[in-house]
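Since the model is a prediction, treat every value here as computed from it, not as a measurement. Hydrogens, waters and symmetry mates play no part in the numbers below; they use all other heavy atoms, side chains included. Just so you know, residue 1 is the first one in the sequence shown, and it goes up from there.
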Amino acid sequence: MTDPPASAGEPTPPAVSVVVAVYNAMPYLTECLDSLVGQTLGIEQMEVLAVEDKSTDASLQELRRFADRHSQVRVVAREQNSGGPSVPRNQGLDQARGRYVFLMDADDYLGDEALARMVAMADEQESDVVVGKMAGVGGRRMAEAAFRHAPRADLYTSQVYRSLGPTKLYRRSLLDDNHIRFDTDLWLGEDQVFVTDALLSARTISVVGDYTCYYARARDDGQNLSKRPKSAQERVVMFERLLSMVDERVSDPRGRRTLLGRHFRNILGKTLLPVIGFSRFDPGTGPRYDEAYTAEILASTLDLFDRYWSDDFASEIGPYERLMVHCLTSGKLDELLYLGWFHRHRADVDLLIEGGRAYRTWPFFRFHDAPEERIPDEVYDVTDTIPARATVATLTEEDGTLRLTGNAVLRLPGHEGAPDVEIQLRHRVDGTSRALPTNTDTEGSDASWSAQLALSEPGDGVWGLWARVRGGGLVRDVPLTAPADAAWPMSAHRHTPHGGRYWRALRTRGGLGVLDIGGETAPLDAVLMAQQQQGDDELFTFVVSAAGGVRVDGARASLSLLGRIHGAELTVPARRTGEDGEHATFDAVVAPRRLTDDSVEAPDIWDLRVVFEADGLTPRVLRLHAARRDSQVPERGRTWSGPDPANGATRYVTPYLTARGYAAIDGVGKYFGPGK
């Protein structure tokens, strides 16, 4: 995906085209245009494409006044009103000439440095989409978490997907190459469909979060399009397109859960609840929506849940929403309608503590005696919403024993006093756990704890640090947080004095405390130092290096040849020829003719990996890459040939380096051989 070049004889395109769809935007339009022509980027670096959608106020006259004063302001006056922003926005996108396109609403305005900062970010990071920090005006609320500054924001782990308004900077080639435009048949949510398509197509997403770029207004006259009454079909159809798009294009499990979960929250909170909240159960006020409208919403929503909902998404919605989903998907529609009425009246319910769990006694809790009619208790379980926190304060090691201290808090309504604490290790792969000897000191509502661990006891692996917090009959398991300024060696690499076993204390990106026992996260690197022909064989000399104090004395290694096509694996022993604390050098001899004889069932392309073992470290498999600046490592070795036992044809075998510098062997003659 590349930016389109300027055509011969045409002026250099501007850095950014600002597309503004305008309909009855006065008096706010003046402030919008003032903020554009006053950008520090410079009006000469931009064009403003204002598409006027047959306003009935003075919007067109105001646009022409600015166009007379600024040649970069282009006014496109439509002959008839389109009924929504999609058509004029598409018209502006089709005429845009800038490397980037910024979409803007006519009743909003920009910070002075907005475009300069966003364009600079896009140029520096090669961004396809840049999200600028937004602020609300006139009581409008923004999802602040979506605007955390990030030169490169991951769509699944950041909060970017909470901001699906179109007012962002886009690389124009992203939109044109992927045919991304606004759906003109949608009257609600067309902006979310557009932005989702752009975000899923983008290679790099950036966030300018250290400067307020965009000010979004809630209009005093209530003319925001989003406030217009919506039909049942309009309320649901855009969700079908969003769910379908994400379902088709996102395969990452976490990404699917995050993105689809956001839409299910909106379906429940912004579409279903407003309708069922004014149902037959409110005789005093009377229904806001008639029964046919409500039935259509219920049927359409149920269809979306039947097609796209998975129980994996339950963690993305709240406990009351989970109760609604259960009633919806299990056919309890009368109960669902009552839940809507109940939610609108915000009636209080009791919190029941039983068997270490907490339950909200919302409507229909244990309502039926018959098990097949009863809504399961776990649907009402809110244990994980009770505020609890446990924090590591210090971690020290002496004579092979780790000692940890920290604090814990449990905020259970109606319960006073500090909780009891038990520290646990939980293996991040197999889920096994072990409790550590823990002492708890209580004072007020907080608890101070201390625990210890003999490093010889747990098995190898990465172990999460958890706390089991008990109080008032409730039991909550929470991960231990590790503050950045904690007085323990978050990034230390060391061996315990007993047996030389490697351990490392880590702080994850999310601020959690983790222990690596056995060196699964130890920084190891395998580098090919020399590749030489030795008679009929090929000699590979490589070094495995460690960092941060990890020692590899007495290390053992072998070469593993893994076939790309058929998946077969061959192992070649390696001889240690030297070591220097954090470095170990090895020789391994590969007989190319072996890759042409009966021992290999099918020819293949082989990637070279190093299987590495050292005292105190878990065995590791490392990609073998070349020190390209070392003249001893050729880009390509000698081509060997031999007969294929299956059909007598000639097999060609050539050691080489991939484009990224990894060691490989072409055993099928795909890249090397006669005439290649």
Side-chain angles (χ1 to χ4, degrees), residues 314-320 322 349-362 377-396 401-454 457-458 461-488 490 505-517:
S315 61
E316 300 294 321
I317 62 177
Y320 198 82
R322 291 197 290 270
V349 297
D350 293 331
L351 182 68
L352 173 67
I353 307 298
E354 186 177 275
R357 309 295 296 178
Y359 304 92
R360 283 289 180 192
T361 56
W362 286 311
D377 283 0
E378 54 263 29
V379 178
Y380 296 86
D381 193 319
V382 295
T383 305
D384 292 342
T385 68
I386 304 299
R389 185 180 72 256
T391 305
V392 178
T394 65
L395 184 151
T396 58
T401 298
L402 295 184
R403 289 180 172 81
L404 302 89
T405 67
N407 304 285
V409 177
L410 178 66
R411 304 296 187 213
L412 180 63
H415 173 71
E416 296 181 359
D420 184 53
V421 181
E422 177 187 85
I423 303 303
Q424 299 179 347
L425 290 183
R426 294 190 182 181
H427 198 282
R428 286 201 157 187
V429 176
D430 60 27
T432 57
S433 64
R434 61 182 298 120
L436 306 185
T438 309
N439 294 318
T440 306
D441 294 325
T442 61
E443 182 178 348
S445 60
D446 296 352
S448 298
W449 56 264
S450 60
Q452 63 182 35
L453 167 68
E457 293 180 2
V462 178
W463 297 82
L465 293 168
W466 285 72
R468 175 159 289 177
V469 184
R470 296 184 178 90
L474 183 76
V475 179
R476 275 221 58 192
D477 291 344
V478 294
L480 288 178
T481 59
D485 59 351
W488 60 296
M490 301 284 184
L506 303 169
R507 180 179 185 271
T508 69
R509 290 184 179 180
L512 303 181
V514 173
L515 291 179
D516 175 5
I517 307 294

- Task: On the 0 to 90° scale, with breaks at 30° and 60°, tag the Y380-W362 ring pair as parallel, tilted or perpendicular.
- Result: tilted
- Taken in chain and number order and not counting sequence neighbours, the residues that satisfy salt bridge (charged side-chain N to carboxylate O under 4.0 Å, His left out) with R411 are D446
- Item | Heavy-atom check, side chain of V421 versus side chain of R468, under 4.5 Å | no
- Task: Look up atom CH2 in W463 and atom CD1 in I517, then write down how far apart they are to the nearest 0.5 Å.
- Result: 8.5 Å
- Closest heavy-atom pair, A388 versus L410, reported as atoms and distance to 0.1 Å, is CB-CD1, 3.8 Å
- Sequence neighbours excluded - salt bridge (charged side-chain N to carboxylate O under 4.0 Å, His left out) pairs with any residue from residues 423-439: R426-D477, R434-E457
- Message: What I'd like to find out is whether the side chain of L474 reaches to under 4.5 Å of the side chain of I386, using heavy atoms alone.
- Response: yes
- Task: Over all heavy atoms of both residues, which pair between L465 and V514 is shortest? Give the atoms and the distance, please.
- Result: CD1-N, 4.2 Å
- Take L425 and L436 through the side chain to side chain contact (heavy atoms under 4.5 Å, CB included) test and state the conclusion after the steps. CA-CA 8 Å; L425 290 183; L436 306 185; 4.2 Å; yes
- Message: side chain to side chain contact (heavy atoms under 4.5 Å, CB included), that's the test. Do Y359 and V382 meet it? Break it down for me.
- Response: CA-CA 6 Å; Y359 304 92; V382 295; 5.8 Å; no
- Message: Show the nearest heavy-atom pair for residues W449 and V392, with the distance to one decimal.
- Response: CZ2-CA, 4.4 Å
- Item | Residues in side chain to side chain donor-acceptor pair (under 3.5 Å) contact with D381, at least two apart in sequence or another chain | R357, T383
- Message: Looking at every non-hydrogen atom in both residues, tell me the closest pair between P419 and T440 and how far apart they are.
- Response: O-CG2, 3.7 Å
- Taking the side chain as every heavy atom from C-beta outward, state whether L402 and L515 have any pair of such atoms under 4.5 Å apart. yes
- Task: Measure the CZ-OG distance between R322 and S315 for me, rounded to the nearest 0.5 Å.
- Result: 8.0 Å
- Task: Calculate, to the nearest 0.5 Å, the distance between atoms CG and CG belonging to L404 and L395 respectively.
- Result: 4.5 Å
- Flag if over 12 foreign heavy atoms under 6.0 Å of CZ, R470: yes
- CZ-OG1 distance between R389 and T481, expressed to the nearest 0.5 angstrom: 7.0 Å
- Kindly give the heavy-atom pair with the smallest separation between I353 and A358, and that separation in Å. CD1-CB, 3.7 Å
- Query: Within the distance-only criterion (no hydrogens, no angle test), does the side chain of T438 pair as donor or acceptor with the backbone N or O of I423 below 3.5 angstrom?
  - Reply: yes
- Note on the structure: Rounded to the nearest 0.5 Å, the CZ atom of R403 sits from the OG1 atom of T394 at a distance of 11.0 Å
- Message: Donor-acceptor pair, distance only, cut-off 3.5 Å: does the side chain of R476 make one with the backbone of V469?
- Response: no
- Mind checking the CG-OG spacing from N407 to S448? Nearest 0.5 Å is all I need. 4.5 Å
- Task: State whether the side chain of T361 and the backbone N or O of D350 hold a donor-acceptor pair below 3.5 Å, judged by distance alone.
- Result: yes
- Query: Looking only at heavy atoms, which two atoms of W466 and P479 are closest? And how far apart?
  - Reply: CE3-N, 3.4 Å
